[in-house]
2 protein chains.
Amino acid sequence: MVRQEVRGRPFSVICKISDWMIRASALVRKTVIASRLTKPQNWMHSIGPPPATISILWLREKVAHCPCETATYSKGIISMSIQTLFGIELPIIQAPLAGVQDSALAIAVSNAGGLGSLPCAMLSTETLRKELETIRAKTERPFNLNFFSHEMPVPDEAKAKAWNALFADYYAELDIDLLTAPSAPARMPFGQEMADLVHEYRPAVVSFHFGLPSPELMTQVRNSGAKIISSATTVEEALWLEAQGVDAIIVQGYEAGGHRGMFLTGDISTQVGTFALLPQVVHAVKVPVIAAGGIADATGVRAALELGAAGVQVGTAYMLCPEATTSAVHRAALKSDYARVTALTNVFSGRPARGIVNRLMRELGPMNPMAPHFPLAAQASAPLRAKAESLGRGDFSPLWAGQNVRGCKEISAGVLTRELASRILEC
Amino acid sequence: MVRQEVRGRPFSVICKISDWMIRASALVRKTVIASRLTKPQNWMHSIGPPPATISILWLREKVAHCPCETATYSKGIISMSIQTLFGIELPIIQAPLAGVQDSALAIAVSNAGGLGSLPCAMLSTETLRKELETIRAKTERPFNLNFFSHEMPVPDEAKAKAWNALFADYYAELDIDLLTAPSAPARMPFGQEMADLVHEYRPAVVSFHFGLPSPELMTQVRNSGAKIISSATTVEEALWLEAQGVDAIIVQGYEAGGHRGMFLTGDISTQVGTFALLPQVVHAVKVPVIAAGGIADATGVRAALELGAAGVQVGTAYMLCPEATTSAVHRAALKSDYARVTALTNVFSGRPARGIVNRLMRELGPMNPMAPHFPLAAQASAPLRAKAESLGRGDFSPLWAGQNVRGCKEISAGVLTRELASRILEC
């Protein structure tokens, strides 16, 4: 079932609908025919540049009470829905959750009609290939592969030394032998090997975090047939992404858990809440906008669509699902009252990311100017995290979570996906 | 016109409706009688503790398409609407904008059916009395008086000296003579003289910022007949306010312009975006919740109600109205692209407040640990502000604004108020 999303905001204006848009909108066509416009055929036949100018006042009569059957309206343009764009049934994207999921979560969400995402940045090529085989074996639905597009920094020995020195007392306290301690997992930027796998396995969607890779790699991904999306944390970043030709933009509000996708600024004081950022980006760009940050349940999904989103990306709510690989200490934290207090911190990786405030964040952060560049800062806490978790403590773990954990439920990811969409399908 | 607000979220559950709630809800009664419940009378007669248990599934049929005629539903309780609570027509509160408005803005909003607010903390008793006379002469509608409830700090000479030293170069640059320079306006906490004026002029609503005043003063305000509201920036603050007996709670999301109302914490890393904070507070408290922060237009109002708010408080959108006293440099900044970049800063007053990033914020802030306690930090920049503004520059002015200035319009406050409510009245 591919449905058009309908949202005529504001309904009472004259708008322009381009050729592309009309071709994308089978249901809009149907509605036009069924409408009481004097000459709907005139509108139907006016396809082609320059865009036809029509009144969509009638759309309101037809669909105002049916939010699941309208097209996203913004700046006089009815955008293609993300259901059509990605070939999915529900406008629900499961946010890639690096470190707390593998292919199982993505498969469950895709099979339920949403867009499941596999976070790839912490996977070796071999593991990624295995995961892709698993996905291909277990679903025929579209899925999303997520990559990081940061630049790997040149290690700075003095900075690393000063940073490590902050951890010496913790190593002593937990009796850590650094010679045998585990390393932090690698976080590699998108490169040729990954592009080759994209070409081979042809995901419907490839999403990037921290901007976009080189134009050459972008072209390879595009030639694979994948739609390309990335996150914006400001209007400027959204405009930049649109200029690079992305197919849709994820608006990552301040509320979102995990790493901020910010790439034109490193200053967290510039970061904007979902309620303010979403409508501004919807107004500023022509591509569909996907809302992320603070969206925890069906009501939140509906409100995001009300604010102009074509769909949503939800992460935190999936973290208690049995298909997620969320650790025991992380699950316990998400279920506790502590989960109400999160902050942006760079102590775990070197980049700002939102997690539940714990001991390391309190004592060294939440933001610490001494932290080495992403992802080099991660090594210092990795041994502490492993040891503390083995003792049942999350004091040194990145307990990623958004500012609204109310949606976290210990139910299957498929059921959760349908629940999230329930208030946009109820009419 | 006093209407009940109806929002049955989620509609499909069994809920408890208490005696008080049913008595408050004339329209709900009417709807029950009109509904297809087998025995609506049974429900009507089951008033009184313990709360009656009824199915509100029928409410959905009746009102799902009519968001302006339902009661706020949360945790099994249908709350009194703020229209009933305050005696207003529209669930729109004009946020008190200390420093950029006087009674004219409040009168315009109240006369349009919203709740106009007069910020009182920077007014002398004499000026406040004059303003109250003006309001009484120009409207018979309910209005809100807003006061600060901070504690005045003991001045710390060493801290003041160190802070002032940061401004020496600026004074030299702008050729300021400190002996003749203007002082910062006083910001006094709510006290006995103000309580006497409340008793004399009997506003429908008294709102506080930075917590609440002493229990003795609270009792005096309550005895005047005023409803009492205050701002919460976290779930904890909302629970605290409810425990003190406020009649409604303003949820101030991270996006909001001007001073954060935070009072249980001074740590801005704890501050939560509207999209995440609003539904959590709605779930946590029984009193009506008013959403603030990032709400700029009719779509935002509707989305806030979708997320469970009983009403909204809108500030930034009113700042270009002719009835506001917004300065020329402030108006110019709000109309510029710079308005997109705001930050929380304490350099203007000593407390975190959101404003458009300007020179003083860039060079001394945005947050500066050396700033004296609120409101003592304000004195240092006051002479610079006056001089720079006389030269047409906003480099040293607090250019308060929220993270979404898209709603700012140079139209009358009355028209803006009706516009803000237009998407909840359209059915």
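Order of the sequence lines fixes the chain letters, A, B, ..., with proteins taken first and strands second; residue numbering starts at 1 for each chain. Computed from a prediction, not measured in an experiment: that's the story for all the values here.
- Contacts between A:Gln403 and chain B at a heavy-atom distance below 4.5 Å involve backbone atoms as well as side-chain atoms.
- In terms of heavy-atom proximity, B:Thr316 sits nearest to B:Gly402 at OG1-N, 2.9 Å.
- Counting only distance, with no hydrogens or angles, the side chain of A:Gln252 and the backbone of A:Gly261 share a donor-acceptor pair below 3.5 Å.
- The candidate from B:Gly294, B:Ala296, B:Pro366, B:Ala298 with the greatest count of non-hydrogen atom pairs under 4.5 Å with chain A is B:Gly294.
- If you check the side chains of A:Gln271 and A:Thr233, you find a donor sitting under 3.5 Å from an acceptor.
- Between chain B and the residues A:Thr345, A:Thr274, A:Leu277, A:Val357, the most heavy-atom pairs under 4.5 angstrom are made by A:Thr274.
- Of the residues considered (B:Ala276, B:Gly253, B:Ser269), B:Ala276 shows the highest number of contacts with chain A, using heavy-atom pairs under 4.5 Å.
- Only the backbone of A:Thr342 comes within less than 4.5 Å of a heavy atom of chain B; no side-chain atom from C-beta onward does.
- Results of the side-chain contact (heavy atoms from CB on, under 4.5 Å) test with A:Gln313 over A:Ile92, A:Ile295, A:Ile250, A:Val251 single out A:Ile250 as the only residue that passes.
- Between B:Arg423 and A:Glu306, at least one side-chain N (NZ, or NE/NH1/NH2) sits under 4.0 Å from a carboxylate O, which counts as a salt bridge.
- The parts of B:Gln280 that come within reach of chain A are both its backbone and its side chain, each placing non-hydrogen atoms under 4.5 angstrom from that chain.
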